[in-house]
Amino acid sequence: MRFILVNGRTPRPQSLCVLCCRPIGGSYLREIETRLSYCDHACYSDHCRRAVLALERHHIAQWSRVGAPAVI
């Protein structure tokens, strides 16, 4: 995932962090592809970690339906 680190500027109109719903302050991260805003690096990295877990679960669920062994 690619992102932009913004310092010294608040978004217009006032936005909330996608993950924790805190107001975006003077520095934040914005994901390039989705244009979603995160209040800090911790929320962005947590979002990325959750996305990877969701993909892993989807992979396991698909293989269990086919009957093949699930390997992570």
Side-chain angles (χ1 to χ4, degrees):
M1 295 185 177
R2 298 182 314 160
F3 63 90
I4 297 171
L5 175 62
V6 181
N7 283 320
R9 186 178 144 234
T10 56
R12 287 181 68 125
Q14 180 61 40
S15 300
L16 300 175
C17 177
V18 174
L19 195 64
C20 70
C21 296
R22 285 186 284 175
I24 300 293
S27 65
Y28 60 97
L29 281 100
R30 173 166 274 188
E31 190 172 17
I32 293 173
E33 289 86 12
T34 63
R35 301 189 70 180
L36 297 174
S37 298
Y38 300 87
C39 62
D40 58 18
H41 183 267
C43 277
Y44 180 72
S45 62
D46 191 36
H47 167 77
C48 293
R49 183 183 59 77
R50 289 180 185 196
V52 168
L53 289 174
L55 288 172
E56 287 176 351
R57 288 185 185 132
H58 177 73
H59 174 75
I60 290 169
Q62 285 217 308
W63 280 102
S64 65
R65 274 186 257 152
V66 174
V71 177
I72 295 179

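Not measured: the values here are computed from a predicted model.
Classification of the H47-Y38 ring pair by plane angle, with boundaries at 30° and 60°, yields tilted.
Looking only at distances, a side-chain donor or acceptor of S15 sits under 3.5 Å from a matching main-chain atom of P13.
Atom CG of L29 sits about 7.5 Å away from atom CG of D40, to the nearest 0.5 Å. If you take CZ on R50 and OG on S45, they are separated by 10.5 Å, rounding to the nearest 0.5 Å. Atom CG of L53 is separated from atom SG of C48 by 11.5 Å, given to the nearest 0.5 angstrom.
Remark: Y28 engages no residue in a side chain to side chain donor-acceptor pair (under 3.5 Å) (not counting sequence neighbours).
Of all the heavy atoms in S37 and I24, the pair that sits closest is CB-CD1, 4.0 Å. Pairing each heavy atom of C43 with each of L19, the nearest pair is O-CD2, 3.3 Å. Taking every heavy atom of both residues into account, R30 and R35 meet most closely at NE-O, 3.4 Å. The shortest non-hydrogen separation linking C39 to C20 is SG-SG, 3.6 Å.
For the pair H59 and L55, the minimum side-chain heavy-atom distance is 4.5 Å or more.
Hydrophobic cluster membership differs between L36 and I32, with clusters built from Ile, Leu, Val, Met, Phe, Trp and Tyr side chains linked at under 4.5 angstrom. By the criterion of side-chain heavy atoms lying less than 4.5 angstrom apart, applied directly or through intervening Ile, Leu, Val, Met, Phe, Trp or Tyr residues, V18 is grouped together with L5 in one hydrophobic cluster.
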